[in-house]
Amino acid sequence: MENNWDPGLAGQFTARLLEWKDATPRPMPWKGVRDPYLIWLSEIILQQTRVEQGLPYFERFRARFPTVESLAAAPDDEVFKLWEGLGYYSRARNLLETARYIAGERGGKFPETYEGIKAMKGIGPYTAAAVASFAFDLPHAVVDGNVYRVLARVFGLVTPVDSTDGKRLFSEWAQKLLDIAAPGVYNQAIMDFGAIQCKPASPACGQCPMQSFCRANQTGKVDELPVKARRLAKRVRYFHYLVLRYEGKLLLRKRTAKDIWQHLYDFPLVESEQKEMDLAQLQASPAWKTLVGKNSPMLFHCSQSFQQTLSHQHIIARFWEFDLPDPWVLDDAEYIVEERENLTKFAFPKIVDWYLKKL
DNA sequence: AATACGGGGAC
DNA sequence: GTCCCAGTATT
């Protein structure tokens with residue numbers, strides 16, 4: 001019953017939202033921008049990322065790659081280096097793929113329909129609606145974490161937002177509420193409202209223009225909405241990195257396997273089911289036999305333990321440093337030998353970055 | 001329908 | 001510690 005559509009309520013919602021927006025300016029570098037390239041770039045950076053975290057990345061990308069052609073022409077490693085620390089690195093891969101598609105196959109011109117935009121790599125329903133509405137004034141409602149929260153609370157929608165039913169339901173509500181006279185302005189407004197007013201924790205209900213008709217406020221369930229069904233289990237992994245040195249050079253490895261941190265660099269890795277490992281176990285590993293073999297190290301040092309939590313994994317890593325008396329014989333493009341000073345041009349996972357800072 | 005995929009900030 | 005963030009791709 002509470003999920004029923006009420007045109008009167010909907011009208012109030014949109015009217016109050018737009019009033020609120022005028023009274024609560026929130027300047028952003030991409031607001032008012034009409035260049036679909038810059039809008040797209042900002043939206044990819046902001047996927048599952050707080051505005052405060054993404055902003056400096058957007059400015060650096062815009063400065064270095066002002067056009068889609070300049071981005072398309074960039075070496076992969078440079079893009080990943082610029083993306084370093086932002087997480088969800090498949091976004092960087094898809095960013096490049098889409099830039100090269102637009103520059104190479106479309107003469108640099110962005111698709112101008114929702115379907116055309118959404119068909120490109122790294123662009124789902126949210127990003128397609130954002131680009132379509134901000135760049136081309138197309139009437140597509142954005143549905144992001146803010147929209148889930150605002151609609152769930154104001155209209156008392158209790159369907160879990162991470163369910164198939166929930167995704168469909170919230171998209172339908174969002175689309176019906178959209179102000180088709182100004183889709184871009186409305187989309188910006190509802191996301192700003194979610195970020196500033198209808199916050200996840202301690203929302204400002206006392207000063208909220210929706211207070212009188214907000215279902216969650218009426219029923220005292222503001223803190224229970226939106227409903228999320230799934231909770232995730234984290235896998236624990238123990239990494240023992242081989243930091244192999246010869247005359248000031250280090251052996252790096254590019255991560256290419258179907259695993260975390262694809263396209264980033266780290267070191268040869270021995271993964272273990274156990275937290276601790278001794279030298280004999282390390283020397284029995286395939287990685288050791290391949291990369292060190294009979295080249296017996298002169299001395300070694302084992303680092304402290306570093307820990308990093310990812311979305312679905314918890315990593316515990318140690319770095320074993322070895323000085324080798326003889327140079328490597330490498331026939332594998334997976335590995336790179338680099339001077340210690342040149343490491344700054346490679347993109348590393350945070351846990352490797354932390355270690356390198358202490359090295 | 002579930003799961004994988006980062007990192008940071010707020011509490 | 002937990003939760004969430006201008007989500008998407010894959011299985």
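Owing to the predicted nature of the structure, the values given are computational and were not obtained by experimental measurement. Numbers restart at 1 for each chain; the letters A, B, ... are given by sequence-line order, proteins then strands.
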Under 3.5 Å, is there a donor-acceptor pair linking the side chains of A:His314 and A:Gln307?
-> yes
Mind listing the residues from residues 136-150 of chain A sitting with a heavy atom below 4.0 Å of DNA chain C? Number order is fine.
-> A:Asp144, A:Gly145, A:Asn146, A:Arg149
Expressed in whole Å, how much space separates the P atoms belonging to B:dG8 and C:dT8?
-> 22 Å
Mind running ring pair (Phe, Tyr, Trp, His ring centres under 6.0 Å) on A:Phe319 and A:Phe306 for me, showing each step along the way?
-> CA-CA 9 Å; A:Phe319 296 82; A:Phe306 293 82; 5.6 Å; yes
Would you indicate whether A:Ile196, at its atom CD1, is surrounded by more than 12 heavy atoms from other residues, nucleotides or ligands within a distance under 6.0 Å?
-> yes
Run through the side-chain heavy atoms of Ile, Leu, Val, Met, Phe, Trp and Tyr, join any pair under 4.5 Å, and report what else lands in A:Tyr238's cluster.
-> A:Val236, A:Ile316
Sole candidate of A:Lys345, A:Arg253, A:Lys249 that passes salt bridge (Lys or Arg N to Asp or Glu O under 4.0 Å) when paired with A:Glu338 = A:Lys345
Mind jotting down which residue pairs meet the side chain to side chain donor-acceptor pair (under 3.5 Å) criterion with at least one end in residues 188-202 of chain A? Sequence neighbours excluded, please.
-> A:Trp20-A:Gln197, A:Arg26-A:Asp192, A:Lys31-A:Asp192
Proximity to DNA chain B (any heavy atom under 4.0 Å), residues of residues 174-207 of chain A only = none
Describe, in one word, how the ring planes of A:Phe348 and A:Phe346 are oriented to each other, choosing from parallel (under 30°), tilted (30 to 60°) and perpendicular (over 60°).
-> tilted
Starting from the 5' end of DNA chain C, give me the residue, A:Lys228 or A:Met120, whose nearest nucleotide shows up first.
-> A:Lys228
Extract, from 5' to 3' on DNA chain C, the first and final nucleotides lying under 4.0 angstrom from some heavy atom of chain A.
-> C:dC4 to C:dT11
A:Tyr265 side chain to A:Glu84 side chain, donor-acceptor N/O pair below 3.5 angstrom | no
Of all pairs that satisfy side chain to side chain donor-acceptor pair (under 3.5 Å), the ones with a partner from residues 116-129 of chain A, not counting sequence neighbours = A:Glu43-A:Tyr126, A:Gln47-A:Thr127, A:Glu97-A:Lys121
Verdict with reasoning, A:Arg318 to A:Glu276, per salt bridge (charged side-chain N to carboxylate O under 4.0 Å, His left out) = CA-CA 9 Å; A:Arg318 280 188 192 282; A:Glu276 301 303 335; 3.3 Å; yes
Which donor-acceptor pairs under 3.5 Å do side chains of residues 11-18 of chain A form with protein atoms, sequence neighbours excluded?
from    : atom 1 : to       : atom 2 : distance (Å)
A:Thr14 : OG1    : A:Ala10  : O      : 3.3
A:Thr14 : OG1    : A:Leu177 : O      : 3.2
A:Arg16 : NH1    : A:Pro209 : O      : 2.9

For residues A:Trp30 and A:Phe58, establish whether the separation of their ring centroids is below 6.0 Å.
-> yes
Partner set under side-chain hydrogen bond (donor to acceptor under 3.5 Å, both in side chains) for A:Gln304, not counting sequence neighbours | A:Lys358
Of all of residues 80-94 of chain A, which get a heavy atom below 4.0 angstrom from DNA chain B, listed by number?
-> A:Gly85, A:Leu86, A:Gly87, A:Tyr88, A:Tyr89, A:Arg91
Considering residues, nucleotides and ligands other than A:Glu273, do more than 12 of their heavy atoms fall under 6.0 Å from its CD?
-> no
Show your working on salt bridge (charged side-chain N to carboxylate O under 4.0 Å, His left out) between A:Glu78 and A:Lys81 and close with a plain yes or no.
-> CA-CA 5 Å; A:Glu78 187 183 354; A:Lys81 182 61 188 179; over 6 Å; no
Between side-chain atoms of residues 136-149 of chain A and protein atoms elsewhere (two or more places apart, or another chain), which donor-acceptor pairs fall under 3.5 Å?
from     : atom 1 : to       : atom 2 : distance (Å)
A:Asp137 : OD2    : A:Arg34  : NH2    : 3.0
A:Asp144 : OD1    : A:Asn146 : N      : 3.1
A:Asp144 : OD1    : A:Val147 : N      : 2.9
A:Asp144 : OD2    : A:Asn146 : ND2    : 3.0
A:Asn146 : OD1    : A:Arg149 : NH2    : 2.8
A:Asn146 : OD1    : A:Ala195 : N      : 3.4
A:Arg149 : NE     : A:Cys198 : O      : 2.6
A:Arg149 : NH2    : A:Gly194 : O      : 2.8

Upstream residue (5' side of DNA chain B) when A:Lys167 and A:Pro349 are each assigned their closest nucleotide | A:Lys167
Heavy-atom contact window of chain A on DNA chain B, given 5' to 3' at under 4.0 Å = B:dA1 to B:dG9
C1' spacing across the pair C:dC4 / B:dC5, given as an integer number of angstrom = 16 Å
Validation row, ring centre A:Trp83 to ring centre A:Tyr57 under 6.0 Å | no
Give one of base, sugar-phosphate or nothing for A:Thr127, where a contact means two heavy atoms less than 4.0 Å apart.
-> sugar-phosphate
Under 4.0 Å from any atom of DNA chain B, heavy atoms only: list the residues of residues 34-49 of chain A that qualify, in numerical order.
-> A:Gln48, A:Thr49
Verify, without hydrogens or angle tests, whether A:Tyr88 (side chain) and A:Ile45 (backbone) share a donor-acceptor contact under 3.5 angstrom.
-> no
